[in-house]
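Below is one structure, written out as structure tokens, with a few remarks after it.
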Amino acid sequence: MTTMTRGGFASAASSLEFNTGGWRLARPEHRGRHAPCETSCPAGENPRAYLGAAADGDLRAAWEKLVEANPLPAITGRVCHHPCETGCNRGQYDEPIAIHSIERFLGDRAIEAGWDYPVGAPGGDAPAAAIVGAGPAGLSAAYHLLKRGIKPVLFDAQPAAGGLLRSALPPYRLPRTILDREIERVIAAGIDFRPDKRIGRDISIEELRADYRAVFLAPGAERPRRWSADGAEPARMRYGLDLLKSWTSVGDLPVKGKIAIVGGGNTAIDLARVLKFAGATEVHVITFQALPGAAAVPDAMSAVAREIRQAVEEGVIIHDHRGIRRLIMRGEKLEAVEMVHMREMDDSGRGRRLVAFEGTETILKADEVIPAIGQEVNSAGFESVIGRGPFFHADRFGRLADHAGIFAGGDACGAAGTVSGAIGDGRRAARAIEAYLRGTAPPEQAVIEPIAYRHLNLSYFDHAPRAAAPILSASERSAGNEIESSISQAGVHAEAERCFSCGECMACDNCWTLCPDNSVLKLAGAPPGRDRYVFDYEHCKGCGICAHECPAGFIMMIDEN
Amino acid sequence: MEPKREGISVAALHHQQPAFRGLDAGHMACPGCGQALGARLVTEAIGPDAIIANATGCLEVFTSMWPRSSWRVPWIHSLFENAPAVASGIEAALKAQGRQTKVVVMGGDGGTFDIGLQSLSGMLERNHNVLYVCFDNEAYMNTGVQRSSSTPHAAMTTTSPRGETRMGKRHLKKDLLAIIGAHRIPYAATATVAYPSDLRAKVRRGIEIEGAAFLLVHSPCPLGWGHDGADSIEVARLAVQTGFFPIVEMERGVVAGVMKIREVRPVADYLRLQDRFQHLFEDSREAREELQHLQELADHNIEVYGLRADEPHPRDSEGADTVRRGGMRWS
Ligand SMILES: Cc1cc2nc3c(=O)[nH]c(=O)nc-3n(C[C@H](O)[C@H](O)[C@H](O)COP(=O)(O)OP(=O)(O)OC[C@H]3O[C@@H](n4cnc5c(N)ncnc54)[C@H](O)[C@@H]3O)c2cc1C
Ligand SMILES: Cc1ncc(C[n+]2csc(CCOP(=O)(O)OP(=O)(O)O)c2C)c(N)n1
Ligand code: SF4
Ligand code: SF4
Ligand code: SF4
Ligand code: SF4
């Protein structure tokens with residue numbers, strides 16, 4: 001230490017000896033918060049994490065962060081209704097991040113490049129679990145069990161895995177090559193797949209339980225819900241999902257005239273589009289739900305909004321807030337349907353009730369009426385565990401109340417009805433199954449409040465347009481060609497850079513640049529991110545500038561009194 | 001100590017920072033001091049081969065607590081009124097020795113707009129190769145917030161209180177830039193701590209230029225302005241976005257460039273955060289008129305400097321502080 005003499009000069013920054021940190025009333029701390037994209041992803045992805053890696057240019061690291069939660073990104077990137085984007089904070093600023101486009105790009109890149117899933121083989125003495133149904137729920141459970149070091153044995157009644165993805169989702173939005181390759185790769189990661197095995201026919205659930213201490217049931221909902229108009233049913237009624245399944249397996253569908261489809265879900269919309277592509281003169285969709293709008297509609301149709309929009313572009317006619325009151329028959333043949341204004345209304349606390357409004361009837365000419373109003377579990381073989389049905393009653397981790405060791409998820413549990421929801425169910429159930437098999441503490445549900453838009457400092461961001469995927473115009477579309485294509489790698493990078501990194505350090509250097517007391521210090525060699533910065537509490541006076549100016553809301557002032 | 005830097009001493013870490021910082025921690029500035037930040041940002045842009053002559057004022061006092069110093073470059077304080085004269089002498093001596101060391105003056109607005117104005121004028125007139133940086137906190141802060149000729153109209157200080165006949169300061173803020181411009185020096189500019197990249201770029205330009213250069217840095221003072229220390233940057237940013245403090249560059253006394261305002265905000269957004277303007281939000285005729293007066297002054301700035309942006313630009317009031325992952329923006 002240089003000593004000071006009159007007329008002398010100070011050695012460099014000798015004031016570091018004054019510990020101005022003692023003045024502080026509150027200290028800044030790094031406090032990571034969950035981003036709304038993460039808390040609203042049903043599959044449990046953390047888009048912020050993989051967007052960060054993509055912005056840094058490391059696509060493989062980005063994919064690995066993505067498949068932490070979701071083993072089927074090439075698929076969900078195409079078919080998910082992406083509530084992550086509805087939740088995305090950037091949507092309140094200009095337009096949400098095109099998360100699904102990046103998810104899809106990463107999924108496709110992993111397939112092309114043959115990146116291995118980051119899972120190891122379970123040890124020889126690892127416990128095993130049985131999974132029934134190789135749809136997205138079952139595949140996800142199997143994959144996550146594998147990640148947790150448990151041997152997954154996956155049974156399906158069909159010769160190939162995929163569930164509804166294979167049997168019902170049309171190739172114009174999920175090409176078979178992508179489906180086949182992604183699912184093959186997940187299975188090759190270490191899943192023992194047993195095709196052509198129907199539980200309840202080839203193996204009983206009791207046999208399964210004798211062989212495996214834990215069983216995950218994900219048989220989906222195979223059986224169409226019955227439909228009739230005032231008790232009347234045409235002699236040969238064809239149900240929507242059955243038609244769609246036969247079309248996907250045969251590739252063709254005999255159709256003529258005017259068709260009226262009842263229902264507002266994905267089956268109704270996909271079937272309508274397939275029939276339109278196949279040459280039906282008019283295709284009408286009749287639903288008591290509402291057309292989705294720019295703002296959230298409480299009783300919106302359950303089909304993916306983007307698909308509804310495209311169906312309308314292709315000429316499908318949607319009658320929203322309508323129901324069918326009566327079928328007008330000439331003998332065996334359908335002449336027309338009588339529509340009526342219909343809405344689901346609140347039944348004074350006793351749930352919801354469908355109300356038809358008298359005096360609003362109209363007649364719609366139709367040659368066939370096809371119900372597509374939802375499915376329920378085909379309970380054959382599951383009678384001993386499904387209770388009163390028609391769905392399994394599982395908690396958030398798939399646990400069935402009175403059946404220790406049996407877990408369920410996906411469409412078989414009724415609620416979700418989406419691919420990403422099924423993937424999330426499988427993921428959470430794998431946690432519960434592992435805890436059950438290893439006798440560790442069972443997982444508990446935590447309520448997570450994501451970081452709100454107002455906690456970001458938006459001065460530090462600039463407007464930039466959202467990446468738009470190229471899309472075929474309505475006249476160029478056909479049933480067999482994918483309608484939407486991928487964004488470019490440059491587009492992925494630009495889009496990832498739009499991410500606000502809500503609640504997590506983006507290594508922007510603001511705190512380091514703006515602290516009047518040089519009390520945010522950088523660590524040499526640390527990767528870009530939260531580990532790069534430390535607070536010097538010996539000098540920090542607690543002014544709060546760093547917290548206020550952190551664009552990502554990653555710094556919080558903590559009272560020290 | 002945080003776990004991630006276990007084993008490294010604070011002093012060692014301060015000296016391992018990736019950018020040179022001529023002003024370090026342990027100084028006695030108030031929490032959230034805009035001037036402390038501004039001075040450090042200036043030293044980052046000048047680098048270690050520099051001599052600073054500092055006029056009397058907060059900066060001089062809070063960085064030189066006997067027997068310590070927060071400076072990492074040679075630094076001299078003589079008087080309030082003569083810092084430019086001291087710098088002129090240093091520059092002449094270095095020139096005689098054939099040395100390239102940069103000479104910089106730092107002073108407050110009291111030291112610049114009022115007390116040191118004649119020696120500053122002399123330095124500019126003789127066109128010494130010196131950069132003069134004034135940290136404008138718009139009053140004599142070190143002696144307890146007395147008005148200066150830089151204090152904005154209607155702001156309250158201890159010597160321009162809100163009284164029975166006056167709503168804060170009676171007179172207008174002196175147009176110092178016009179006076180500086182009249183010396184026809186090669187370069188003069190305004191900047192603010194809210195836009196560090198712009199500030200550092202202007203310091204570099206002022207240093208590169210052969211001859212006298214002048215930089216006025218808007219520097220919020222939580223104590224004197226009566227805002228929360230955490231809001232110092234916010235306040236400074238709003239001063240720019242409202243047109244209250246125009247960011248401009250002059251070459252030989254002619255306006256050569258301005259930071260355009262993309263989204264012009266009402267001055268009330270800026271004033272509301274500060275106690276020195278609180279009386280303008282009273283429910284009275286005088287308050288309403290003075291508030292409108294400040295709005296008109298800001299509009300006048302926008303008009304005479306042509307501050308309103310026609311289209312978005314990366315260096316306008318919204319684009320100039322956009323951050324990027326990995327900190328590339330500020331480097
Ligand atoms: C036409 C259509 C379009 C859709 N579009 C979308 C969309 O765009 N986006 C979206 O997110 N969701 C969409 N969905 C919903 C989505 O497909 C389902 O929510 C999802 O597939 C449910 O996954 P799961 O694994 O629970 O069941 P499933 O996918 O139904 O898989 C169940 C599997 O279990 C097998 N199985 C059944 N019973 C047995 C048994 N007893 N023994 C052995 N195996 C059995 C079946 O063979 C099947 O392979 C759509 C659904 C349909 C019908
Ligand atoms: C000739 C002279 N007059 C008065 C003082 C007392 N004095 C010391 S600091 C100061 C205020 C400085 O104000 P300013 O230059 O605006 O800088 P600030 O403290 O606001 O940063 C005054 C009046 C002095 N030191 N010398
Ligand atoms: S799975 Fe769906 S909700 Fe989740 S990140 Fe992907 S697109 Fe978004
Ligand atoms: S801006 Fe990024 S981190 Fe924030 S919600 Fe959107 S995707 Fe997630
Ligand atoms: S800006 Fe600096 S002094 Fe202020 S709270 Fe943050 S670290 Fe502390
Ligand atoms: S200001 Fe930037 S570098 Fe600092 S913590 Fe926040 S995001 Fe990270």
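Chain letters run A, B, ... following the sequence lines, proteins first, then strands; residues in each count from 1.
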Quick check on [X] against chain A: is it the side chain, the backbone, both or neither that has a heavy atom closer than 4.5 Å?
X        : answer
B/Leu23  : backbone
B/Val193 : backbone
B/Ala39  : neither
B/Glu44  : neither

query = Charged N to carboxylate O under 4.0 angstrom, A/Lys522 versus A/Asp509?
reply = yes

For chain A, the option from [options] that forms the most heavy-atom pairs under 4.5 Å:
options                              : value
B/Glu234, B/Gln35, B/Met65, B/His27  : B/His27
B/Ala11, B/Ser232, B/Gly229, B/Ala29 : B/Ala29
B/Arg237, B/Glu318, B/Gln16          : B/Arg237

message = For A/Leu458, is the CG atom crowded, meaning more than 12 foreign heavy atoms sit under 6.0 Å from it?
response =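 Counting other residues, nucleotides and ligands, CG of A/Leu458 exceeds 12 neighbours.
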
key: Straight-line distance of B/Ser64 OG to B/Ile76 CD1, nearest 0.5 Å   = 12.0 Å

ask   = When rounded to the nearest 0.5 angstrom, what distance separates CG in A/Asn46 from CG in A/Leu66?
value =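 Spacing of CG (A/Asn46) from CG (A/Leu66) equals 10.5 Å.
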
ask   = What is the ring orientation for B/Trp71 with B/Trp75, classed by angle as parallel under 30°, tilted 30 to 60°, or perpendicular over 60°?
value = parallel

request  = Pick whichever of A/Gly544, A/Ala552, A/Pro516, A/Pro527 has the most heavy-atom pairs under 4.5 Å with chain B.
outcome  = A/Pro516

key: Top contributor to chain B interface from A/Asn19, A/Asp56, A/Ile545, A/Thr20 [non-hydrogen pairs under 4.5 Å]   =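 Counting heavy-atom pairs under 4.5 Å, the top option is A/Ile545.
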
request  = Check the side chains of A/His548 and B/Asp231 for a donor-acceptor pair under 3.5 angstrom, ignoring hydrogens and angles.
outcome  = yes

query = Which heavy atom of A/Glu549 sits nearest a heavy atom of A/Asn510, and at what distance?
reply = O-ND2, 2.9 Å

